[in-house]
Amino acid sequence: MGEDTLEKSIEDSDFDMMGVFKERYEDLLKIYYFTGGMPEVVSTFIETNNFLRVRQVQQDILEAYQGDFAKHAGATIGERCRLIFDSIPRHLAKENKKFVYGVVKKGARGRDLDDALQFMIDAGLVVKVQRISAPGIPLSAYADEASFKLFCVDVGLLGALARIDASTIINGNALFTHFKGAMAEQYVCQQLVSDCELKPYYWSAEKATAEVDFMVQISGHLVPIEVKAEENLKAKSLATFCKTHNVNHAVRTSLSGYRKESWLTNIPLYAISCLNGLSFEQTKTTS
């Protein structure tokens, strides 16, 4: 988009400069929620500045994926891949975003869909974020194979799957409030994977509604992350988690500006790629 100054501020983790251009960053983030980062989609938007053309390219990509499902995985698994892919917006719209086989197809079980799911993961079309049963290092040792969330590879494709038009995302809509959180989580998930090169997990209590959106491991430290779509600064679940599990520092990402408190750092959503540059030396965990 030719915004070299804005790009450099993020690359340099210059949060003071980001604060000066906060509104412009937010405008670009909204556009990104619609376009996503697929190269052909981005090129189309830069060349035309036309959201309808962008959406057509996204739909073409989705149709190509569905054709590839059957071509490379066979008719049966290909159809199951299509059903899984189409179910992602329904899963992410739920309060509890955990993947449920029965949401894909009534009566479906793991043995019916696992081959198709693994094909999509191996193809890089979806991101599987597993639940951890306890906060400990390494996170992979505490992964719960049976509980996970499923995200698209790209936030723009999620919007296309959900058929959300540009004006709803960019100008706002009262009925869009709930799914806005799903798009923010989708965006953060893909940034953790692509920009930060981290493997995200999530944590939830066994018999309660408490949940931490993402858990990552940075330089041997456990870092819990809470995602807020707006400027909401409440972090009750995150605070409870940190206190209960003796985690001394956590991250909240929202539309609020950068701020660091005794136990919590807020990173603007548009600057979540700066996560790796933060210091977590004092973070401790006990499980």
E185/K149 under side-chain contact (heavy atoms from CB on, under 4.5 Å): CA gap, chis, key distance, verdict: CA-CA 11 Å; E185 281 195 44; K149 299 177 185 179; 3.7 Å; yes
side-chain contact (heavy atoms from CB on, under 4.5 Å) between C274 and I10, worked out: CA-CA 7 Å; C274 298; I10 291 180; 4.1 Å; yes
Residues N248, C242; criterion side-chain contact (heavy atoms from CB on, under 4.5 Å); working and verdict: CA-CA 6 Å; N248 287 349; C242 290; over 6 Å; no
Trace of the ring-ring contact (aromatic ring centres under 6.0 Å, His included) decision for Y201 with F214: CA-CA 5 Å; Y201 297 83; F214 295 108; over 10 Å; no
Pair R252-T265, side-chain contact (heavy atoms from CB on, under 4.5 Å): steps then yes or no: CA-CA 6 Å; R252 176 187 55 219; T265 298; over 6 Å; no
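Using a 4.5 Å heavy-atom threshold, the side chains of L192 and E197 count as separate. Contact annotation: the side chain of L158 never approaches that of Y33 to less than 4.5 Å [non-hydrogen atoms, C-beta and beyond]. Contact of the L117 side chain with the L150 side chain is registered, since non-hydrogen atoms from C-beta on lie closer than 4.5 Å. At a threshold of 4.5 Å between non-hydrogen side-chain atoms, the residues I169 and M183 count as touching. Looking at P268 and L255, their side chains never come closer than 4.5 Å, going by heavy atoms from C-beta outward. When side chains are defined from C-beta on, D195 does not count as touching I272, because their heavy atoms never get closer than 4.5 Å.
Connection of L125 to I77 is not established within any shared hydrophobic cluster, with ILVMFWY side chains joined at heavy-atom distances below 4.5 Å, either directly or through further cluster members.
For the atom pair CG of D154 and CD of Q58, the computed distance is 7.0 Å after rounding to the nearest 0.5 Å. For the atom pair L238 CG and I225 CD1, the distance stands at 9.5 Å (nearest 0.5 Å). Rounded to the nearest 0.5 angstrom, L198 CG and L275 CG are separated by 6.5 Å. Between the CD atom of Q186 and the CD1 atom of I88 there is a distance of 8.0 Å, given to the nearest 0.5 Å. Separating the CZ atom in F119 from the CG atom in D68 is a distance of 7.5 Å, to the nearest 0.5 Å. For the atom pair CD (Q191) and SG (C196), the distance works out to 7.5 Å, reported to the nearest 0.5 Å.
When the side chain to side chain donor-acceptor pair (under 3.5 Å) test is applied to D112, no partner is found at least two apart in sequence or on another chain. Partners of E230 under the salt bridge (charged side-chain N to carboxylate O under 4.0 Å, His left out) rule, at least two apart in sequence or in another chain, are K180. Listed by chain and residue number, R82 satisfy the side chain to side chain donor-acceptor pair (under 3.5 Å) test with E79 (two or more places apart in sequence, or in another chain). Y258 meets the ring pair (Phe, Tyr, Trp, His ring centres under 6.0 Å) test with F15; sequence neighbours excluded. Partners of D144 by salt bridge (charged side-chain N to carboxylate O under 4.0 Å, His left out), not counting sequence neighbours, listed by chain and number: R131. Partners of Y32 by ring pair (Phe, Tyr, Trp, His ring centres under 6.0 Å), not counting sequence neighbours: none found. Under the rule for a side chain to side chain donor-acceptor pair (under 3.5 Å), Q59 has no partner lying at least two apart in sequence or in another chain. Taking S87 as the reference, H91 meet the side chain to side chain donor-acceptor pair (under 3.5 Å) condition, with sequence neighbours excluded.
Counted within 6.0 Å of NZ on K8, heavy atoms from surrounding residues, nucleotides or ligands total 12 or fewer; the atom is thus considered open.
The only member of Y202, W203, W263 that meets ring-ring contact (aromatic ring centres under 6.0 Å, His included) when paired with F241 is W203.
Side-chain contact check for N266 and T253: no donor-acceptor pair (N or O, by modelled atom type) lies under 3.5 Å.
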For residues 95-108, which side-chain N or O atoms pair as donor and acceptor with protein atoms under 3.5 Å away, sequence neighbours left out?
residue	atom	partner	partner atom	Å
N96	OD1	K98	N	3.0
Y101	OH	D114	OD1	2.6

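Contacts classified as salt bridge (charged side-chain N to carboxylate O under 4.0 Å, His left out) and involving residues 15-35 (residues at least two apart or in different chains) are given here: E3-R24, K22-E26, K22-E231. Within the structure, ring pair (Phe, Tyr, Trp, His ring centres under 6.0 Å) contacts touching residues 40-62 (residues at least two apart or in different chains) are F34-F51, F45-F51. The stretch residues 42-64 participates, sequence neighbours left out, in no salt bridge (charged side-chain N to carboxylate O under 4.0 Å, His left out) pair at all.
Below 30°, between 30° and 60°, or above 60°: for Y25 and Y270 the angle between ring planes is below 30°, a parallel geometry.
Scanning all heavy atoms of the two residues, the minimum distance from V127 to C189 falls at CG1-SG, 3.9 Å. Residues F148 and Q130 come closest through the heavy atom pair CB-CA, 3.9 Å. Nearest heavy-atom pair, I84 versus A116, reported as atom, atom and distance to 0.1 Å: CD1-CB, 3.9 Å. Scanning both residues, T44 and T48, for their nearest heavy atoms gives O-OG1, 2.7 Å. Of all heavy-atom pairs between M215 and L222, the closest is CE-CD1, 3.7 Å. Closest non-hydrogen pair, V212 versus P224, comes out as CG1-CB, 3.8 Å.
Remark: side-chain polar atoms of Q217 are paired, donor with acceptor, to backbone N or O of L139 under 3.5 angstrom. In terms of modelled atom types and a separation under 3.5 Å, the side chain of Q190 and the main chain of V155 share a donor-acceptor contact.
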